[in-house]
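Proteins come first, then strands; the chains are lettered A, B, ... in the order of their sequence lines, and each starts at number 1.
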Protein chains: 4
Amino acid sequence: MAAEAALISVVPTNNQNHNPEKRPGRPRSDKSREAILDATRKMLMHTPLRDISIEAVAKRAGVGKTTIYRWWPHKAALVMEAFLAQPGLQNILPTTPTADDALKVQLEKLIRQLRGQNGRIVANIIAEAQAEPEALALLNKSFMNERVENLRRHLSQGKDEGLFHAYLDIEMAIDQLLGPVFYRLLTNNDALDERFNAHYPEQAVNTLKA
Amino acid sequence: MAAEAALISVVPTNNQNHNPEKRPGRPRSDKSREAILDATRKMLMHTPLRDISIEAVAKRAGVGKTTIYRWWPHKAALVMEAFLAQPGLQNILPTTPTADDALKVQLEKLIRQLRGQNGRIVANIIAEAQAEPEALALLNKSFMNERVENLRRHLSQGKDEGLFHAYLDIEMAIDQLLGPVFYRLLTNNDALDERFNAHYPEQAVNTLKA
Amino acid sequence: MAAEAALISVVPTNNQNHNPEKRPGRPRSDKSREAILDATRKMLMHTPLRDISIEAVAKRAGVGKTTIYRWWPHKAALVMEAFLAQPGLQNILPTTPTADDALKVQLEKLIRQLRGQNGRIVANIIAEAQAEPEALALLNKSFMNERVENLRRHLSQGKDEGLFHAYLDIEMAIDQLLGPVFYRLLTNNDALDERFNAHYPEQAVNTLKA
Amino acid sequence: MAAEAALISVVPTNNQNHNPEKRPGRPRSDKSREAILDATRKMLMHTPLRDISIEAVAKRAGVGKTTIYRWWPHKAALVMEAFLAQPGLQNILPTTPTADDALKVQLEKLIRQLRGQNGRIVANIIAEAQAEPEALALLNKSFMNERVENLRRHLSQGKDEGLFHAYLDIEMAIDQLLGPVFYRLLTNNDALDERFNAHYPEQAVNTLKA
DNA sequence: GGGTAACCGAGACGGTACGTCTAGTCTTTAA
DNA sequence: TTAAAGACTAGACGTACCGTCTCGGTTACCC
C-alpha cells in the first residue's frame with residue numbers, strides 16, 4: 001500500500017521540509033530510499049528476480065531489513081518501483097491520426113521495451129506475481145493498465161469509425177493483440193526479435209479489421 | 001537430464017528386468033521414485049509451487065533428500081514430471097475432418113486443461129521456469145511442443161488446402177493462437193472462463209482464414 | 001572471538017544496563033544465551049561431545065541455529081563456555097603457608113575436578129581441540145593457564161626460598177607435575193582414583209625438592 | 001576384531017596360499033587392503049583425522065565402502081593400522097647396559113617419534129579414541145603397551161639393582177615418565193623440541209633415583 | 001566341473017548434520 | 001513518536017557422510 005502510493009504520488013522524505021503535511025516523529029530517510037532502489041536496480045542487472053533477497057538488497061544498500069519491509073509490502077513491489085520507474089519504460093506515445101496506426105505503434109513500442117535485459121525482468125516480475133496476488137494487481141496497475149487502456153481507447157475509436165467490425169469484442173481483441181507478445185516473452189525470450197517487430201504489429205491489427 | 005529422459009523414455013527400474021543394459025551397483029528404487037512423485041502431486045493440490053520445499057517432499061515421501069537431488073536437477077523438473085505426466089494432461093486429440101476444426105478442438109482442449117487448479121499449477125511452472133533456463137527448455141519439451149506441433153501440422157494442412165492464405169506465417173499464427181490463452185492464464189487467472197472457451201477458439205481460427 | 005571474550009570478560013546483555021556503550025539495534029538476548037548454555041550442559045551429562053550437534057543444542061534450547069553460530073565460532077568454544085564456567089570448576093585455592101603445600105593442594109584439586117563425568121568431558125574437549133587450533137588456544141586460556149600460572153608462581157617462590165634446587169627448570173617442572181594427571185585422564189580414565197590422589201601429588205612435589 | 005587381529009597376526013590374503021586354514025569363498029584381496037592403507041596414509045599427511053571420511057578413503061583407494069567396513073570396525077582402527085604399522089614407528093630399542101640408560105633411550109626415541117607430523121597424527125588418534133572405547137583399548141595394545149612394558153621391565157630391573165628406591169611405585173613411575181611427553185603433545189604441539197629432548201629424559205629418570 | 005560361499009566394485013538408499021541464507025518479527029537506540 | 005539497526009526464531013538450502021543394502025561379477029573351495 002505504501003509502495004503503491006509511492007508509485008503514483010510524492011513520497012515524504014526528510015529533505016522535503018517544505019512539505020506542508022508534517023507528521024510527527026522521525027522523517028523517512030530519502031537517502032535510504034534511494035540506496036535501496038539503487039541496490040535493487042543494480043542487482044536486477046545480473047541476477048534473476050527469484051534469487052534476489054530482501055536481505056541481500058538491505059546489505060548492499062547498507063540498510064536494515066526493516067526499513068525495506070516498512071515501505072514495500074513485497075519483493076515484487078520493490079522491484080516494480082525500482083525498475084518500472086526508470087526512464088525508457090514510460091509509455092509516452094506519439095499522437096497518430098488513425099486508430100490502426102495507434103495500435104500498431106503501441107505494439108511496436110511494447111515489443112521494443114520488452115526486448116533483451118528489460119524483457120527478462122518484466123518476465124520475472126510476471127513470474128513473481130503468480131505467487132503473490134497483490135503483486136499481480138500492482139503489476140496491472142503500474143504497467144499493464146496504461147497500455148491496455150490505450151489499446152481499448154483506440155479499438156473503441158476504430159470501431160466507431162467503422163474500421164473494425166461493429167460486433168468486435170474489445171476485451172478479447174486486447175488479449176489477441178498483447179497475448180502473442182507476452183507468450184513469446186515467457187516461453188522463448190529470443191523470439192521478440194526485429195523480424196517479429198517488423199511484421200507482427202501490422203498483421204495483428206489487420207486481422208481485426210472488418 | 002535424468003529427469004528429462006524420464007519424461008520421454010523408460011526409466012530404468014528394478015522391476016523392469018527385461019532391461020538389457022544392467023549397470024553395476026544397486027539399481028534405482030522404483031518404489032522411492034513413485035513415492036516422491038506421489039508426494040509431489042499431493043502437495044501441489046493445496047500448496048503453491050513456491051512454498052513446496054524439496055525437504056518437505058522428501059519427508060512426506062519417506063525418502064532421503066539426496067534421492068530427490070540425485071534424479072531431478074530442479075524443483076521445476078520434479079514438478080513437471082509429477083504433474084504433467086498425469087492422465088488428464090495427455091494431449092490426446094480426436095481426429096477431425098477439417099484443419100480449422102482440428103485447431104479449434106486443440107484450443108478448446110487446452111483452455112479446459114488450463115482452467116482452475118491445474119491452470120494455476122501450469123502458471124507456476126512457467127513462472128519457475130523464468131529463473132531456470134533448463135526448466136524452460138524442459139517445459140517446452142514436455143508440454144508445449146506436442147501442442148505446438150499439432151497446431152503447426154494442421155496450419156500447414158489448412159494452408160495446402162487453401163483454407164488459409166498461401167502467405168500465412170505459420171510460426172506467427174501459432175503464437176497468435178496460443179498467446180491470448182497463456183496471456184490470460186498469467187495475468188488474470190479467472191479469465192479462462194466458459195465464455196472465453198465458447199468464443200475464443202472459433203474467432204481466433206477464423207481470423208486466420210483467407 | 002566473541003566467545004573468547006565472553007569467557008574472560010563481561011558479555012554485553014540486556015540486563016546489564018550499567019554498560020555504558022549502547023549500540024543501536026536489538027541487544028543480545030541474555031535469555032537465549034542462558035538457554036543455549038543450559039542445553040549444552042544438560043546434553044554433556046549423557047552424550048559424548050562428538051555426538052552433540054549444534055542442531056540438537058538449538059532445538060533443545062528453543063533457539064535458532066544462527067544465534068549459536070553468531071556468538072560461538074566452534075562447538076568447542078560453546079562447550080568450553082558452558083562447561084568450564086560451572087561453579088565446581090573454578091580454580092579457587094586456599095592460601096597455604098608453604099610452596100610445596102600449595103603445589104600439592106593444586107594438584108589434588110585438579111585431580112578431583114577431573115574425576116568421573118567431568119573428567120570425561122575435559123578429555124573430550126582436549127580431543128576436540130586437536131583438530132581446531134583456535135580451540136586449543138581457547139582451552140589453554142580458559143582452563144589451563146590459571147592452573148599453570150599458579151604452579152609457576154609457587155615453584156618460583158619455592159625456588160627463592162631454597163625449597164627447590166636453584167637450577168630447577170620451572171617450565172619443565174610444571175609439565176612434570178601436570179603431565180601424569182592428563183596422561184591418565186586421556187589413556188585410562190579410571191586411573192584418577194582415590195589411591196592416585198592420595199599418593200601422587202605428594203610424591204610428585206617431593207621429587208622436585210632439593 | 002578383524003582389525004585387531006590384523007595388527008598382531010598374519011592377515012589371510014590370496015597370495016599366501018600356504019596358509020593352512022583355508023576357508024571357502026573368495027579370499028580377501030591383498031591388493032585392496034594395501035590400496036586402502038596407502039590411501040589412508042596419504043590422506044593423513046595433510047588432513048586432520050577428524051576430517052578424513054571413510055567415503056573419501058574408499059574413493060581414493062578405488063574400493064567399495066563396504067570393503068572397508070568389512071575389515072575395520074572404526075576409522076580409528078583403520079588409521080592405527082595404516083599409520084602405526086609403518087617403519088619408523090617400530091619400537092626397536094638398542095640393548096643398553098644399565099636400567100637408567102634404557103629408560104632414557106626409550107624416552108628419547110618416543111619424543112623423536114612424536115615430533116612434527118607424526119606427533120600430530122598420534123595426538124589425533126588419542127583424540128579419536130576418547131569417543132570410542134574400543135579404539136582406546138586398541139591404541140594401548142598397538143602403541144602404548146610395548147613402550148609401557150619396556151619401561152616397566154627396566155624400572156623393575158633398576159629397582160632390583162638398587163638403582164631406584166625399594167618402595168618405588170612402578171606404575172606411577174611409568175606415568176611420571178610418559179605423562180609430560182603426552183601432555184606436551186596434546187596441549188602445545190611445538191613443545192617437543194630439541195631442547196626438551198636434550199634435557200627431559202635424563203632429568204625425569206634422575207628424579208626416580210634413590 | 002557344477003555348486004556354493006565369501007569376497008569384490010559400484011552405487012543407491014534413508015538419515016543426520018553441516019554451515020549459510022532468508023523470511024519476517026521484535027526490541028532497542030537515534031533522530 | 002517514527003525510523004533505522006540489528007538480534008531473534010524458524011526453517012529450507014544443497015552437500016557431505018554415515019552405515020546399510022542390493023546388484024553383477026569374481027575367485028576360491030568342495031563334492
Side-chain angles (χ1 to χ4, degrees), chain A residues 12 14 23-29 31-33 51-59 62-71 75, chain B residues 14 17 22-29 31-33 35 51-59 61-71 75, chain C residues 14 17 21-29 31-33 51-59 61-71 73-75, chain D residues 12 14 17 22-29 31-33 51-59 61-71 73 75:
Chain A
N14 58 0
R23 294 197 291 119
R26 180 175 175 175
R28 177 174 184 185
S29 160
K31 207 174 120 211
S32 289
R33 180 176 169 275
D51 301 341
I52 295 178
S53 62
I54 298 285
E55 191 116 359
V57 173
K59 182 164 286 177
V63 140
K65 264 198 295 181
T66 15
T67 307
I68 299 179
Y69 279 112
R70 186 173 353 255
W71 298 105
K75 196 164 68 173
Chain B
N14 56 3
N17 45 13
K22 288 257 182 184
R23 296 196 295 110
R26 181 174 176 173
R28 178 174 184 183
S29 159
K31 206 174 121 210
S32 291
R33 181 177 168 276
D51 300 342
I52 295 179
S53 64
I54 298 284
E55 194 126 355
V57 173
K59 184 161 287 175
V63 139
K65 263 199 291 182
T66 0
T67 304
I68 299 182
Y69 282 112
R70 185 162 18 238
W71 299 106
K75 195 164 69 175
Chain C
N14 56 1
N17 46 13
E21 44 136 342
K22 289 252 181 184
R23 295 195 295 110
R26 181 174 177 175
R28 177 173 184 183
S29 160
K31 205 175 122 209
S32 290
R33 181 177 167 274
D51 300 343
I52 295 178
S53 64
I54 298 284
E55 194 125 356
V57 173
K59 183 161 288 178
V63 138
K65 265 199 290 182
T66 354
T67 304
I68 300 181
Y69 282 112
R70 181 160 23 236
W71 299 106
H74 328 107
K75 195 165 68 175
Chain D
N14 57 0
N17 46 12
K22 295 228 181 185
R23 294 195 292 119
R26 181 176 176 174
R28 177 174 184 183
S29 160
K31 205 174 123 210
S32 290
R33 181 177 169 274
D51 302 341
I52 295 178
S53 64
I54 298 284
E55 193 121 358
V57 173
K59 182 165 287 179
V63 138
K65 265 198 292 181
T66 3
T67 306
I68 299 181
Y69 281 113
R70 184 168 7 245
W71 298 105
K75 195 165 68 175

| From C:Ile54 CD1 over to C:His74 NE2, what is the distance, rounded to the nearest 0.5 angstrom? | 10.5 Å
| remark: On a heavy-atom basis, the closest approach of B:Ala61 and B:Ala35 is CB-O, 3.5 Å
| request: Nearest-nucleotide wise, let me know which of D:Gly64 and B:Gly64 is further upstream toward the 5' end of DNA chain E. | output: D:Gly64
| According to a strict under-4.0 Å criterion, is D:Arg28 in side-chain N/O contact with OP1 or OP2 of E:dA6? | no
| query | With the sugar-phosphate defined as primed atoms, P, OP1 and OP2, and the base as all remaining atoms, what B/S/- string results for nucleotides 16-21 of chain F, 5' to 3', for protein heavy atoms under 4.0 Å? | reply | -BBBBB
| said: Whole angstroms only, please: what is the CZ-P distance between A:Arg33 and F:dA4? | reply: 12 Å
| What's the CD1-P distance between B:Ile68 and E:dC13, to the nearest Å? | 11 Å
| request: Give a yes/no verdict on a cation-pi contact between C:Arg28 and C:Trp71, requiring under 6.0 Å between NZ or CZ and the six-membered ring centre and an angle within 45° of the axis. | output: yes
| Are OP1 or OP2 of F:dA4 and a side-chain N or O of A:Trp71 less than 4.0 angstrom apart? | yes
| note | Residues passing the side chain to side chain donor-acceptor pair (under 3.5 Å) test with B:Ser32, sequence neighbours excluded, are B:Ser29
| query | OP1 or OP2 of E:dG14 sitting under 4.0 Å from any side-chain N/O of B:Ser32? | reply | yes
| request: Measure from the side-chain heavy atoms of D:Arg70 and tell me the nearest of F:dC8, F:dA28, E:dC8. | output: E:dC8
| field | Contacts of B:Lys65 that satisfy salt bridge (charged side-chain N to carboxylate O under 4.0 Å, His left out) - sequence neighbours left out | value | B:Glu55
